[in-house]
Amino acid sequence: MNKFGIILSHTYLTRVKAKSFLITTIITVLFIFLAGNMPSILSSFGGSGGEDAGQRVAVLDETGDVFPDLRNNMQNTGGNVTLQRYEGSEAEAKEEVRGGTFDGFLNITMPSGEPQAAYFSMQGNSSALSQSLQQALQPVKVNMAAADAGVDPAVVEQLTSPVVFDTSALEQDQGAQSAEEQNSARGIVYVMLFLLYLSVIMYGNMIAMDVANEKSSRVMEILVSSVSPVTQMFAKIAGIALLGLTQFGIILAAGYVMLQTNQNQLTGGVFQYFGLQHAEAGTFIYAIIFFLLGYLLYATMSATIGSLVSRTEEVNQLMAPLIYLIMIAFFIAIFGLNAPDNMLVTVTSFIPFFAPMIMFLRVTMLEVPIWETALSFGLLIGTILLLAVAGARVYKGGVLLYGKSNSLKDVKKALQLSKKE
């Protein structure tokens with residue numbers, strides 16, 4: 001146990017002090033705070049920060065009737081856009097936009113009995129502001145056309161109002177989740193999918209590279225004589241796991257601080273869609289369990305792969321099938337976010353290589369029978385144990401293999417070497 005701890009601490013401390021780890025972590029934390037403070041940064045530079053930027057638009061209303069209704073419609077959207085009636089000429093308004101007095105200029109005419117508009121800005125391309133102006137002008141056009149046709153405005157409002165469409169679960173009494181509950185769970189599912197995807201690719205490759213480095217430097221021959229290969233394998237897996245928890249812990253802590261300090265600015269939009277604040281405790285428990293099981297599954301396979309190669313250049317070649325597996329699971333899970341009850345999602349949730357992502361998605365967004373969850377857990381844990389036993393035997397012989405890697409033939413040689421002790 002003492003040797004296990006020594007290898008674990010050595011693996012962890014070596015990696016945590018590496019420049020690549022420190023630089024990656026610092027850049028990620030800075031990116032999180034930059035993204036969280038983006039509205040304030042854009043506002044301080046006078047850029048377009050969305051609805052909070054306080055944009056001013058000059059409106060030249062040649063019809064004389066459109067501007068009041070247009071301004072009311074823009075105010076009803078809740079945005080921070082100020083429309084100002086412009087009394088000068090079109091050329092003068094364009095010059096004021098170029099000079100920075102206004103963010104845009106809207107010229108409203110009525111050449112054929114209905115309002116038409118031309119919008120001018122420094123960029124000249126379609127933007128959120130121009131789209132908002134177009135949407136606010138559309139009801140004005142409809143009402144004017146209805147008035148010319150002698151149609152009651154109340155009838156127009158009734159015809160153009162959106163249809164009432166409610167979605168309800170017939171199994172609500174049996175515990176089925178509503179649409180609001182699914183939206184609340186979607187945020188943690190997104191986070192879990194990306195964390196697991198990144199951890200497998202980053203830290204799985206790190207484990208394989210670590211073993212390959214020791215073999216290429218002949219350190220492995222010294223280690224084998226003093227510590228059993230199985231102890232080395234699981235100590236490295238645990239050390240890299242601790243490294244991953246450290247890095248993700250720092251990143252999540254930075255994200256939490258960013259959300260707490262900018263919660264007034266980061267309201268609505270994607271944060272409302274994720275609904276992380278409404279996620280239940282059971283969701284986080286499932287996330288931790290599936291994350292750890294998924295890591296153990298792929299980390300064991302990565303350590304086994306690392307033991308089969310003699311040079312670090314060969315690691316990526318043998319890691320490719322493993323990365324393909326996690327990519328397939330990731331894409332199925334992304335598809336399942338919008339169709340969690342799809343048959344493909346249901347079937348793949350029982351496949352151990354896909355279960356950490358896909359079964360987690362199902363139990364979070366659907367009311368899954370307990371026996372299905374237990375079966376998926378059993379298959380996943382059983383596969384991990386099976387791979388641990390087989391991987392330990394391959395690792396035991398694989399660390400003694402040198403020369404060019406030959407994939408499946410090396411597995412056979414590694415198993416033969418593991419019996420000779």
Side-chain angles (χ1 to χ4, degrees), residues 38-167 264-273:
M38 188 60 69
S40 301
I41 295 173
L42 291 175
S43 178
S44 65
F45 281 97
S48 176
E51 294 180 350
D52 295 329
Q55 295 168 299
R56 298 178 68 236
V57 176
V59 180
L60 178 58
D61 183 10
E62 298 183 9
T63 69
D65 300 323
V66 173
F67 180 77
D69 291 335
L70 175 64
R71 182 172 56 184
N72 291 335
N73 291 340
M74 286 296 295
Q75 291 175 348
N76 292 335
T77 61
N80 194 14
V81 179
T82 301
L83 300 185
Q84 180 176 328
R85 185 190 288 271
Y86 194 75
E87 301 296 343
S89 66
E90 179 178 336
E92 292 172 341
K94 292 179 180 178
E95 284 300 321
E96 294 204 41
V97 172
R98 294 189 184 98
T101 305
F102 297 101
D103 295 288
F105 164 57
L106 185 68
N107 188 17
I108 304 175
T109 59
M110 192 177 292
S112 58
E114 61 181 30
Q116 296 182 9
Y119 180 70
F120 303 90
S121 66
M122 292 301 296
Q123 291 77 24
N125 56 344
S126 179
S127 64
L129 177 56
S130 64
Q131 292 174 5
S132 297
L133 290 169
Q134 183 180 2
Q135 292 172 1
L137 189 60
Q138 182 64 29
V140 178
K141 173 189 173 183
V142 172
N143 289 333
M144 293 182 70
D148 292 340
V151 180
D152 188 350
V155 175
V156 175
E157 182 178 357
Q158 183 179 8
L159 291 174
T160 56
S161 62
V163 62
V164 178
F165 193 89
D166 294 328
T167 302
N264 293 330
Q265 299 180 24
L266 301 176
T267 55
V270 69
F271 292 92
Q272 182 179 0
Y273 176 73

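For the pair Asn73/Pro139, a side-chain contact is recorded, criterion being any heavy-atom separation below 4.5 Å from C-beta on. In this structure the side chain of Leu106 reaches within 4.5 angstrom of the side chain of Leu70, judged on heavy atoms.
Rounded to the nearest 0.5 angstrom, Leu83 CG and Met74 CE are separated by 5.0 Å. Distance CZ/Phe67 to CG/Asn72: 9.5 Å, rounded to 0.5 Å. Atom CD of Glu95 sits about 12.0 Å away from atom CZ of Phe105, to the nearest 0.5 Å.
The aromatic rings of Phe102 and Tyr86 lie perpendicular to each other, with more than 60° between the two planes, well past the 30° mark.
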- Message: Could you walk me through whether Arg56 and Thr101 satisfy the side chain to side chain contact (heavy atoms under 4.5 Å, CB included) test, starting with their C-alpha distance in whole Å, then the side-chain angles of each, then the deciding distance to 0.1 Å, before giving a yes or no?
- Response: CA-CA 8 Å; Arg56 298 178 68 236; Thr101 305; 4.1 Å; yes
- Apply the test side chain to side chain contact (heavy atoms under 4.5 Å, CB included) to residues Leu133 and Tyr119: give CA-CA distance (whole Å), side-chain angles for both, the deciding distance (0.1 Å), then the verdict. CA-CA 9 Å; Leu133 290 169; Tyr119 180 70; 3.5 Å; yes
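With sequence neighbours excluded, the residues forming a side-chain contact (heavy atoms from CB on, under 4.5 Å) with Val142 are Gln138, Val156, Thr160, listed by chain and number. With sequence neighbours left out, Gln135 forms a side-chain contact (heavy atoms from CB on, under 4.5 Å) with no residue at all. For the side-chain contact (heavy atoms from CB on, under 4.5 Å) test, no residue two or more places apart in sequence or in another chain qualifies with Gln134.
Taking every heavy atom of both residues into account, Pro115 and Ile108 meet most closely at CB-CG2, 4.4 Å. The nearest pair of heavy atoms linking Ala117 to Leu137 is CB-CD2, 3.5 Å.
A donor-acceptor pair is defined here as one N or O able to donate and one able to accept, closer than 3.5 Å; no such pair exists between the side chain of Asp103 and the backbone of Val57. The main-chain N or O of Val140 is never found under 3.5 Å from a side-chain atom of Asp69 such that the two would form a donor-acceptor pair.
The only option from Glu92, Glu96, Glu90 that meets the salt bridge (charged side-chain N to carboxylate O under 4.0 Å, His left out) definition with Lys94 turns out to be Glu90.
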